[in-house]
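Both counts, for ligands and for their atoms, begin at 1 and track the order of listing.
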Amino acid sequence: MSYTRKEISIEKIHQQEEICAKIKETLCADGKKPLALVDTYGCQQNEADSEKLRGYLSLMGCDFTDDEFKADIIIVNTCAVREHAEMRVLGNVGSLNHTKKNKPGQIVSVCGCMVQQEHMADKVKKSYPVVDLVFGPHELWRFPELLLQHIESNKRVFSRCDSDGVIAEGIPRKRDGKVKAWLSIMNGCNNFCSYCIVPYTRGRERSRRPEDVVAEARELVNAGYKDITLLGQNVNSYGRDLDCGVDFADLIRMINDIPGDFLIRFMTSHPKDATEKLFKTMAECEKCAHQLHLPVQSGNDHILKVMNRCYDSAKYISQVELARSYMPDLVLTTDIIVGFPGETDQEFEDTIKLCEKVRYDAMFTFIYSKRQGTPAASMPDPYTREDKQKHFDRLNQVANRISAEKHKEYEGGTFRVLVDGETGKDEYNLSSRTNGGRLVHLHGDKSLIGQFINVKITGSNTWALYGEIENG
Ligand code: SAH
Ligand code: SF4
Ligand code: F3S
C-alpha cells in the first residue's frame, strides 16, 4: 500500500497555539471566561481526540460545562461505525437549534469520523444550518485555525480533506481523569474488513515514533497516572510503517521499563497479527495487564473470509490457547457482529460454539450495520431484522451467562485492584478494576482513589464483582 508519511511540524502546532491566544483575546474581551462543551461519541481514539480539542480550548481561555444551554462553544466529536451512532449524533445536533436560539452567538462544531464521509458532511451542510464548523479527523490539529476562520468571517466553515491522514505531535491535551489515561500509539487502519468504515474515515496506519510514545508514557507516570491504555485500531501492527525495528511487543517492554507502579493495557489486537512474542512479553512485563481484547467477529470460516479478517476459527482458537499458555489468568474479551450479509442459522451456530469453547470474560456484540462505501454494503443481505435480532438476543444470553460464571469464580479470592473513581451510590461508593480489567465495586474512603489495594471478592453478577477491602 503506497502511503507517504505526513508529519505536521512542531512549528505548525505552535502556530495553532498562537491562534488560540488570539482567539482568547476575542472570546475573553468582556473579561468573562467562555464555556465549552465537547461531546464525544465512538471509541477511545475519539475520547483521546476530544482531550486534544479540550487542550486547544483551554488555551483559548475556556472553562468547561456539561450544559448545552450555557456553552459558548459546542463541539460534537462523532462516530460512524454503525448507523445507530450516526442517528444519535444527528438527533443531538438537531436539538442544538433550541440552545442556539437561547444563546445567539453560540458556536456549534461537528468533527470526527461521521463527517469525514462526504455524504454525511453534505447532509450536515444541507439539513443542519445550526452547525457553523465541520472538520474531519485529519484536520483536528488545525482546529484553532478553522475556528478563527469562522469567527473572523462569520461564515460556515466546512473543511474535509481527503488525505490518508497525518501524524501530529505536541498538540496540547486536557485529560479527563487523574488515574486512567489513553495513550494513542498509532492512527488509522489498513485492514479493510469488508463491513467497516474506519479505514475510510481514519486513513492509513501511521505509528507514532517509539521515543514520542515513551516520552508521553513517562509524563503520564510522573503526573501520577496508574492505568495507561495504549490505543490503536490494530496495535499488533505497530511500527510496521516506521522501519525502526521496534514492534508492539518491544514498545510494551520500553514502557514497562519506566520506573513506577502502574499498569499497561492496550486495545485493539487483530488476531491475524497477534504473535507469540507479544504474549511472552505480556507475561514477562510485570506492569502489563493480563488482559486481551481480541475481536473474533464470527466463529464461522466462510463469514470470516467474506469479512476479510484473514484468519479462520482454528487459527483464532490456537492464538487464544497460546496466549493462555503464557498467562493462565488472562482476561479475554471480544467483539462479535451478528447478521453479517447472508449469515445463515448454521453459520451463526458456529459463533455460539466458538464462544462456548473460548469462554470470554465479556463480549461486545453488535448487529451488522450497513456502511455506505464498504464492500459488505453491496453483498446480498436476505435476512430480516427480526432474524438478526433473534440471533443477537441468543448470543447475548450466552455471553451474559458465561460472564456471570466467570465472575463467580472470583468469589472468595483476594485480588489487587486499582481504585479509579466514585460510583455515586451509598453502599458501594467506589469503583475499581482488577489487573485484568474486571470492574469491582467497593465501600471505602474516596482518598483511596488512585491507589492499588487488596480486595476480597464477596459477590458478583454478569457485569461486575463486589468486594471488601482487606486490611494490612
Ligand atoms: N479496530 C478494531 C475495532 C474497531 S470498531 C478491531 O478491528 O478489532 C469496533 C467494533 O465495532 C468492531 O470490532 C466490530 O465488531 C464492530 N463493527 C465495526 N463495523 C461494524 C458494522 N458495520 N456493523 C456492526 N458492527 C461493526
Ligand atoms: Fe475496522 Fe477491521 Fe480496521 Fe478494526 S481492523 S478498524 S474492524 S477495518
Ligand atoms: Fe467510531 Fe471513528 Fe472510533 S468510526 S469507533 S470514532 S475510529
Atom indices of ligand 3, in the order listed, that fall short of 4.0 Å to a heavy atom of [X]:
| X | value |
| --- | --- |
| Cys43 | 3 (Fe), 5 (S), 6 (S), 7 (S) |
| Gln233 | 7 (S) |
| Cys113 | 2 (Fe), 4 (S), 6 (S), 7 (S) |
| Asn46 | 6 (S) |

Run the salt-bridge test on [X] and [Y] with the 4.0 Å N-O cut-off and return the result as yes or no.
| X | Y | answer |
| --- | --- | --- |
| Lys388 | Glu343 | no |
| Arg88 | Glu83 | no |
| Asp247 | Arg240 | no |
| Arg438 | Asp361 | no |
| Arg156 | Asp132 | no |
| Lys123 | Glu118 | no |
| Arg175 | Glu216 | yes |
| Glu276 | Lys280 | no |
| Asp241 | Arg204 | no |
| Arg371 | Glu86 | yes |

Query - Heavy-atom closest contact (His270 atom, Cys193 atom, distance) - result: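 Between these two residues, the closest heavy atoms are NE2-SG, 4.4 Å.
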Heavy-atom distances under 4.0 Å are what count here, so tell me which part of [X] touches ligand 2: side chain, backbone, both or neither.
| X | value |
| --- | --- |
| Cys189 | side chain |
| Phe192 | backbone |
| Pro199 | side chain |

Indicate, as side chain, backbone, both or neither, the part of [X] found under 4.0 angstrom from ligand 1 when only non-hydrogen atoms are considered.
| X | answer |
| --- | --- |
| Lys272 | neither |
| Ile367 | backbone |
| Tyr195 | both |

**Report entry** ligand 3 contact on Arg202 by region, counting heavy-atom pairs under 4.0 Å
**Finding:**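 For Arg202, the contact with ligand 3 is made by the side chain alone.
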Students should be able to answer this: which protein heavy-atom is nearest to [atom], and at what distance?
| atom | value |
| --- | --- |
| atom 15 (O) of ligand 1 | Gln297 OE1, 2.7 Å |
| atom 6 (S) of ligand 2 | Gln233 OE1, 3.5 Å |
| atom 4 (S) of ligand 3 | Ala80 N, 3.2 Å |
| atom 7 (S) of ligand 2 | Tyr195 OH, 3.4 Å |
| atom 4 (C) of ligand 1 | Gln233 OE1, 3.4 Å |
| atom 7 (O) of ligand 1 | Arg309 NH1, 3.6 Å |
| atom 6 (C) of ligand 1 | Thr268 CG2, 3.7 Å |
| atom 23 (N) of ligand 1 | Ser369 N, 2.9 Å |
| atom 1 (Fe) of ligand 2 | Cys196 SG, 2.3 Å |

Report task. Using distance alone, with no hydrogens and no angle criterion, decide if Asp39 and Asn77 have a side-chain donor and acceptor under 3.5 Å apart. Result -> no
Requested in this report: Assess the side chains of Gln397 and Arg401: does a donor N or O sit below 3.5 Å from an acceptor N or O?
Outcome: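 Looking only at side-chain atoms, Arg401 and Gln397 do not form any donor-acceptor pair under 3.5 Å.
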State the atoms of ligand 2, each with its element, that fall below the 4.0 Å cut-off from a heavy-atom position in [X].
| X | result |
| --- | --- |
| His270 | 5 (S) |
| Arg309 | 2 (Fe), 7 (S) |
| Val198 | 6 (S) |

Query raised in the report: Closer than 2.8 Å to atom 3 (Fe) of ligand 3, do we get an N, O or S atom from Cys79, backbone or side chain?
Result: no
Requested in this report: Decide whether a cation-pi geometry holds between Lys272 and Tyr311; the criteria are a distance under 6.0 Å from NZ or CZ to the six-membered ring centre and an angle within 45° of the ring axis.
Outcome: no
Report task. Answer yes or no for Cys193: is there an N/O/S atom below the 2.8 Å cut-off from atom 2 (Fe) of ligand 2? Result ->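 Within the cut-off used here (under 2.8 Å), Cys193 does place an N, O or S atom near atom 2 (Fe) of ligand 2.
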Please confirm whether [X] comes under 4.0 Å of ligand 1, counting heavy atoms of the residue only.
| X | result |
| --- | --- |
| Arg82 | yes |
| Asn234 | no |
| His84 | no |
| Ile197 | no |

Closer than 4.0 Å to some heavy atom of [X] - which atoms of ligand 1 meet that?
| X | result |
| --- | --- |
| Tyr368 | 23 (N), 24 (C) |
| Pro295 | 8 (O) |
| Arg371 | 22 (N) |
| Val81 | 5 (S), 18 (C), 19 (N), 20 (C), 21 (C), 22 (N) |

Hey, does the side chain of [X] reach the backbone of [Y] with a donor-acceptor pair shorter than 3.5 angstrom?
| X | Y | result |
| --- | --- | --- |
| Glu139 | Phe135 | no |
| Thr99 | Phe69 | no |
| Ser207 | Gly239 | yes |

Requested in this report: List the steps, then state whether side chain to side chain donor-acceptor pair (under 3.5 Å) holds for Ser403 with Asn400.
Outcome: CA-CA 5 Å; Ser403 288; Asn400 293 347; 5.5 Å; no
Query raised in the report: Considering only heavy atoms, which of Ile336, Ile337, Asp335 lies nearest to atom 13 (O) of ligand 1?
Result: Asp335
Query raised in the report: Quick one: does Arg202 get within less than 4.0 Å of ligand 2, heavy atoms only?
Result: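 Checking ligand 2 against Arg202, which is what was asked, there is no heavy-atom contact under 4.0 Å.
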**Report entry** Centroid-centroid under 6.0 Å between Phe266 and His293 rings
**Finding:** no
Query raised in the report: Quick check, are the ring centers of Phe392 and Phe366 under 6.0 angstrom apart?
Result: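 Aromatic pair excluded; centres sit 6.0 Å or further apart.
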